[in-house]
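Structure, as structure tokens:
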Amino acid sequence: MSLSRARWAALLCSLWLSAGAVAAPRFKLVAYYLASGTPARYVAPDTLPADKLTHLNYAFADIRDGEIVVGDPSLDIGGAHNFARLRRLKQHHPALKTLISVGGWAWSGHFSDAALTPGSRERFAASGVAFIRAHGFDGIDIDWEFPVAGGMPANARRPEDKHNFTLLLRELREQLDRAGRADHRRYLLTAAVGNSAAYLSHIEPKQVAATLDWLNLMAYDMNGTWSQVTGHVSPLYRDPAMTLPDADPANDVADLVERYLAAGVPARKMLLGVPFYGYAWAQCPDARHGEYQPCGGLGRGSWEPGAYDASEIQTQMVDRNGYVRHWNEAAKVPFLYRAENGEFVTYEDQESLRAKLRFLRRRGLGGAMFWEITGDRRQLLLDTLAHDLLPAAARH
């Protein structure tokens, strides 16, 4: 008995599906890529390990005259031609989605003005649509540091930022959806969000989450070299030994996630941010191997005093050159101490990442995000994340 051509096609399609067509990953793994003009620090976008990612956020675009503009023309669209390289990367890895991240610490000064009125919000969103269409991005990531308070001293800020942030995202969502219908695709909208109770009080978390595809939770910089006292950059849990005056006992990743959940943000819309860098203090007393101690200055650093890339920590510092690795079992984080100069280094490693991945799964979060991919040139941290979060077909 013969089958018609149409029935053969249907049968083949059914067999293909039953054989295990590649499904969308259960978890998202989002990398930030810092566009650096420093030659020794530069990593070409088309050499990035796209097979180990679901999404890549390009940092950063700037805001000028209320519109999203190219952050560094000599790097992004000239010279190194990063945007062209990024498009080339996507041609070879069509499953990868790229987003332009807008603002960041240095370029958040004009968000408040852009969000202020219906007209300014409409102009900002329209420029965003034009930007991603012109340069081949799949969406926009808003990195406003920060609404209402905080950020660089010169930033514009207003109490109205709290609600205007929601309105700005809604205008972006509306215009991206309209553009997506015209272009027969879906454009993404995400945001990098802060790590403190104060930040949560300055936004409308539930409304923000309803508008975004997901939130990139900056669950790092809990402690850093802006303080004279050492602490951990991204402690997973509370440490009862952290009893310094004025220290927040809930200054840890687990408590941060619980605050977002209590504020109405769905777990699956949260991506847990992790650091691919470390902070360092010098002239720290040897009590507790420098942990939770007042220090006399900054450590050396990879590109700036007091901050190390993960790669340098891995290759030059862990149990070598006088640095001894220690483990804080309560907080589930590693740290280094070098007795010769009293240098204390807080960082992330594979063991602490595995603890965070267990937490991520247990709390039902949507995946992980990290800052930033060029800091882990040996891909030791990235491989730990990808092995756990991505399907086997996405790993090599």
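Remember, it's a predicted structure, so these values are computed and weren't measured experimentally. Below, each value reflects all heavy atoms present in this structure, side chains not excepted, and no hydrogens, waters or symmetry copies.
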Test ring-ring contact (aromatic ring centres under 6.0 Å, His included) applied to Trp371 and Phe276, step by step: CA-CA 6 Å; Trp371 178 273; Phe276 279 19; over 10 Å; no
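Relative orientation of the Trp105 and Phe146 rings is perpendicular, given thresholds of 30° and 60° on the angle between their planes. By the 30° and 60° cut-offs, the orientation of the rings of Phe137 relative to Phe131 is tilted.
Judged by distance alone, the side chains of Asn328 and Glu291 do bring a donor and an acceptor atom under 3.5 Å apart. Between the side chains of Glu312 and Ser302, a donor-acceptor pair is found at a separation under 3.5 Å. Side-chain N/O atoms of Glu122 and Ser120 include no donor and acceptor closer than 3.5 Å. Donor-acceptor pairing under 3.5 Å is lacking for the side chains of Tyr187 and Asp213. No side-chain donor-acceptor contact under 3.5 Å links Asp143 and Tyr32.
In summary, Arg354 and Asp388 do not engage in a salt bridge, as defined by a charged side-chain N under 4.0 Å from a carboxylate O.
Taking both residues in full, the closest heavy atoms of His232 and Met222 are given as O-CB, 3.9 Å, listed atom of the first, atom of the second, then distance.
For Trp214 and His55, the ring centers are positioned less than 6.0 Å apart.
Exactly one of Arg325, Lys332, Lys356 qualifies for a salt bridge (Lys or Arg N to Asp or Glu O under 4.0 Å) with Glu351. That residue is Arg325.
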Would you list the atom pairs, donor with acceptor, under 3.5 Å between side chains in residues 59-69 and any protein atom, with sequence neighbours excluded?
from  : atom 1 : to     : atom 2 : distance (Å)
Glu67 : OE2    : Arg123 : NE     : 3.1

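As a member of the Ile/Leu/Val/Met/Phe/Trp/Tyr network built from side-chain separations under 4.5 Å, Val229 groups with Met242, Leu244, Tyr292.
Take Asp161 and apply the salt bridge (charged side-chain N to carboxylate O under 4.0 Å, His left out) test, not counting sequence neighbours, and it matches no residue.
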